[in-house]
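Scroll down for the structure; my scribbles are underneath it.
As a basis for the values below, the full set of heavy atoms in this structure was taken, side chains included, without hydrogen atoms, waters or symmetry mates. Lettering of chains follows the sequences in order, A, B, ..., and the numbering in each one begins at 1.
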Amino acid sequence: DTAVSQTPKYLVTQMGNDKSIKCEQNLGHDTMYWYKQDSKKFLKIMFSYNNKELIINETVPNRFSPKSPDKAHLNLHINSLELGDSAVYFCASSQQGGAAEAFFGQGTRLTVV
Amino acid sequence: GENVEQHPSTLSVQEGDSAVIKCTYSDSASNYFPWYKQELGKRPQLIIDIRSNVGEKKDQRIAVTLNKTAKHFSLHITETQPEDSAVYFCAASMRNAGKSTFGDGTTLTVKP
């Protein structure tokens, strides 16, 4: 009965590969997000979806493509992985388009070698 | 867009002392200000939040104050304990903004 679940928890891959991270929330929230947390612990918004529609894309490279098949799911596909993509990626969801508590998934630690 | 500044970046206190973390925001339209705690290797979790129609909110040892005029808000932790050691993030958002803008985080260390 986890509120926001994302898989996998760990992902180690070589440069140039393509990988996906999946996220699901069972809270009935209308807004879902992807955040990137780098080695300095900064939390930066990448994408925001409201009812399956992309509403925020914070100058993320085109190699990153989010997909929301329905309100409860937001997946992240990354093409041609680079060393600088190594980070922890958090999925989150909230109500009220952002003006409410964000519930985070456990995070996916991506390591590109 | 919204810009949130958070200070200090690191804070070390003795157990039992108080800790204060301060944030400023730039967009006067922001009306929701949450604080998240992230323990090592874990996800950020909400510990307290405040909306712009309130000046102060308390929950046991934790309190948040908001000054809308000056556009700053602060987290106060009293009687700190070692388990309070974590990274704390402030954030600012408004309804239908589609995101919360986070500060850069404060690493709090409580020494026993």
Q. Counting heavy atoms not belonging to B/Gln14, are there more than 12 under 6.0 Å from its CD?
A. yes
**Q.** Shared hydrophobic cluster for B/Leu46 and A/Val4 (ILVMFWY, side-chain gaps under 4.5 Å)
**A.** no
**Q.** Contacting moiety of A/Gln37, where chain B heavy atoms sit under 4.5 Å
**A.** side chain
Q. Side chain, backbone, both or neither: which part of A/Ile55 has a heavy atom under 4.5 Å from chain B?
A. side chain
Q: Please answer: with hydrophobic residues joined when any side-chain heavy atoms are less than 4.5 Å apart, are B/Phe89 and B/Leu75 in the same cluster?
A: no
Q: Check whether more than 12 heavy atoms from other residues, nucleotides or ligands sit under 6.0 Å from atom CD of A/Glu53, and answer yes or no.
A: no
Q) Side chain, backbone, both or neither: which part of B/Tyr36 has a non-hydrogen atom closer than 4.5 Å to chain A? A) side chain
Q: Give a yes or no on this: more than 12 heavy atoms of other residues, nucleotides or ligands lie within 6.0 Å of atom CD of B/Glu79.
A: no
Q. Can you check whether A/Lys44 reaches B/Asp104 side chain to side chain, under 4.5 Å on heavy atoms?
A. yes
Q.
If hydrophobic clusters are built by linking Ile, Leu, Val, Met, Phe, Trp and Tyr wherever their side-chain heavy atoms come under 4.5 Å apart, do B/Tyr25 and B/Ile21 end up in the same one?
A. yes
Q) Taking side chain as C-beta onward, heavy atoms only, is B/Lys99 less than 4.5 Å from A/Phe47? A) no
Q: Could you tell me which of A/Ala92, A/Ser48, A/Ser94, A/Ala102 has the largest number of non-hydrogen atom pairs under 4.5 Å with chain B?
A: A/Ala102
Q. Do A/Phe42 and B/Phe102 have ring centroids that are under 6.0 Å from one another?
A. no
Q: Following the transitive rule for hydrophobic clusters with a side-chain heavy-atom cut-off under 4.5 Å over Ile, Leu, Val, Met, Phe, Trp and Tyr, establish whether A/Tyr35 and A/Leu27 coincide in one cluster.
A: no
**Q.** Contacting region of A/Val88 [heavy-atom separation from chain B under 4.5 Å]
**A.** neither
Q | Polar side-chain atom of B/Arg51 near backbone of A/Ala99 as donor-acceptor pair, under 3.5 Å | A | yes
Q: Measure B/Gln45 against the heavy atoms of chain A and call it side chain, backbone, both or neither at under 4.5 Å.
A: neither
Q.
Can you tell me if A/Asp70 has over 12 outside heavy atoms packed within less than 6.0 Å of its CG?
A. yes
Q | Greater than 12 external heavy atoms within 6.0 Å of B/Leu40's CG | A | no
**Q.** Contact origin within A/Tyr49 toward chain B - heavy atom pairs under 4.5 Å
**A.** neither
Q: For chain A, find which of B/Pro44, B/Pro34, B/Ser9, B/Ser93 contributes the most heavy-atom pairs closer than 4.5 angstrom.
A: B/Pro44
Q) Are any non-hydrogen side-chain atoms of A/Phe104 and B/Lys42 less than 4.5 angstrom apart? A) no
(Q) Has B/Tyr32 got a side-chain atom pairing as donor or acceptor with A/Glu101's backbone, closer than 3.5 angstrom? (A) yes
